[in-house]
Amino acid sequence: MSVDSLNATFAALADPTRRAILARLAQGEAGVTELAEPFAMSLPAISKHIKVLERAGLIARGREAQWRPCRLETERLQEVSGWLDRYRQIWEQRLDRLDDYLVQLQATQAGGGDPPRTGSKRDEPDPD
């Protein structure tokens, strides 16, 4: 995933209105008027949100006569999920090491010895 597409995706997801639109589209296609119903904003304002989501590759618009339905595009969300998974793995490894250290520390304190010394940094995958 390129840095530009990642930035566009996170910028689009940063707004609660756009996240709500995506949540609605997860249930199925909808037109702009239907997407605007739960919000106290004009159709042009909702259209701007839709354009941001469309430029980020999170939704696509079709055309059926007079109706222009919006639909969720899941590929970009899957790419973001994969990007986040790399960082999740790093944090899980760090938390596992912290847990191991705390278990050692508790065992040492229960036995009356010196606390364990921390070792060198373990190899971690580079997320980028």
Side-chain angles (χ1 to χ4, degrees):
M1 180 169 218
S2 76
V3 174
D4 288 340
S5 63
L6 188 64
N7 288 344
T9 302
F10 279 118
L13 294 172
D15 186 275
T17 301
R18 291 191 285 265
R19 290 192 307 270
I21 290 170
L22 291 175
R24 168 53 191 88
L25 291 175
Q27 299 169 7
E29 291 184 350
V32 175
T33 305
E34 185 180 346
L35 291 172
E37 285 174 3
F39 304 105
M41 56 178 77
S42 66
L43 284 177
I46 291 295
S47 291
K48 286 182 181 181
H49 284 293
I50 289 171
K51 286 178 185 175
V52 170
L53 292 168
E54 203 172 5
R55 279 193 304 267
L58 295 168
I59 67 170
R61 296 183 72 178
R63 177 167 275 172
E64 297 176 18
Q66 296 288 327
W67 191 49
R68 300 217 36 212
C70 298
R71 71 178 176 282
L72 186 64
E73 292 289 324
T74 59
E75 183 179 321
R76 186 61 50 91
L77 291 173
Q78 290 170 345
E79 290 172 358
V80 169
S81 179
W83 183 85
L84 289 170
D85 280 342
R86 292 184 288 169
Y87 289 94
R88 185 181 356 260
Q89 290 171 0
I90 291 169
W91 280 106
E92 285 174 358
Q93 290 172 355
R94 290 179 181 178
L95 290 172
D96 288 344
R97 286 198 318 260
L98 178 60
D99 188 47
D100 292 344
Y101 177 75
L102 291 174
V103 168
Q104 290 176 351
L105 187 61
Q106 290 171 343
T108 302
Q109 288 178 345
D114 291 331
R117 297 176 63 188
T118 58
S120 63
K121 185 176 178 181
R122 294 183 188 174
D123 291 333
E124 295 178 356
D126 184 8
D128 293 319

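- In terms of modelled atom types and a separation under 3.5 Å, the side chain of R71 and the main chain of G28 share no donor-acceptor contact.
- The line from CG of L35 to OG1 of T17 is 11.5 Å long, rounded to the nearest 0.5 Å.
- Cluster annotation: V52 is not connected to L13 through the hydrophobic network of ILVMFWY side chains, with a link wherever side-chain heavy atoms come within less than 4.5 Å.
- Considering every non-hydrogen atom in both A8 and A56, the closest pair reads O-CB, 3.6 Å.
- Note on R88 versus D85: salt bridge recorded, some NZ/NE/NH1/NH2 to OD/OE distance being below 4.0 Å.
- Cluster annotation: L72 and F10 are assigned to distinct hydrophobic clusters (Ile/Leu/Val/Met/Phe/Trp/Tyr, side-chain heavy-atom contacts under 4.5 Å, transitive).
- For the atom pair Q104 CD and D99 CG, the distance stands at 10.5 Å (nearest 0.5 Å).
- Taking the ring centre of W91 as origin, the terminal cationic atom of R94 falls inside the region bounded by 6.0 Å and 45° from the ring axis.
- Rounding to the nearest 0.5 angstrom, the gap separating the CG atom in D15 from the NE2 atom in H49 is 5.0 Å.
- Criterion: ILVMFWY side-chain heavy atoms under 4.5 Å apart, direct or through other members. Under it, F39 and I59 are part of a common hydrophobic cluster.
- When atom types are taken as modelled, the side chain of R68 and the backbone of R61 share no donor-acceptor pair closer than 3.5 angstrom.
- The shortest non-hydrogen separation linking E29 to P69 is OE1-CB, 3.7 Å.
- With values rounded to the nearest 0.5 angstrom, I46 atom CD1 is found 12.0 Å from E34 atom CD.
- Note: L53 CG to L22 CG = 5.0 Å, rounded to the nearest 0.5 Å.
- Residue G57 comes nearest to R76 through the heavy atom pair O-CB, 3.7 Å, listed as atom of the first residue, atom of the second, then distance.
- Across E73 and A60, no two heavy atoms sit closer than the pair OE2-CB, 3.2 Å.
- Under the 3.5 Å distance criterion, the side-chain polar atoms of S47 are matched with a main-chain donor or acceptor of L43.
- If you take CZ on R55 and CD1 on I50, they are separated by 12.0 Å, rounding to the nearest 0.5 Å.
- With respect to the salt-bridge test (charged N to carboxylate O, under 4.0 angstrom), the residues E54 and K51 do not qualify.
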CA sep, side-chain torsions, deciding dist, call: L58, R18, side-chain contact (heavy atoms from CB on, under 4.5 Å):
CA-CA 10 Å; L58 295 168; R18 291 191 285 265; over 6 Å; no
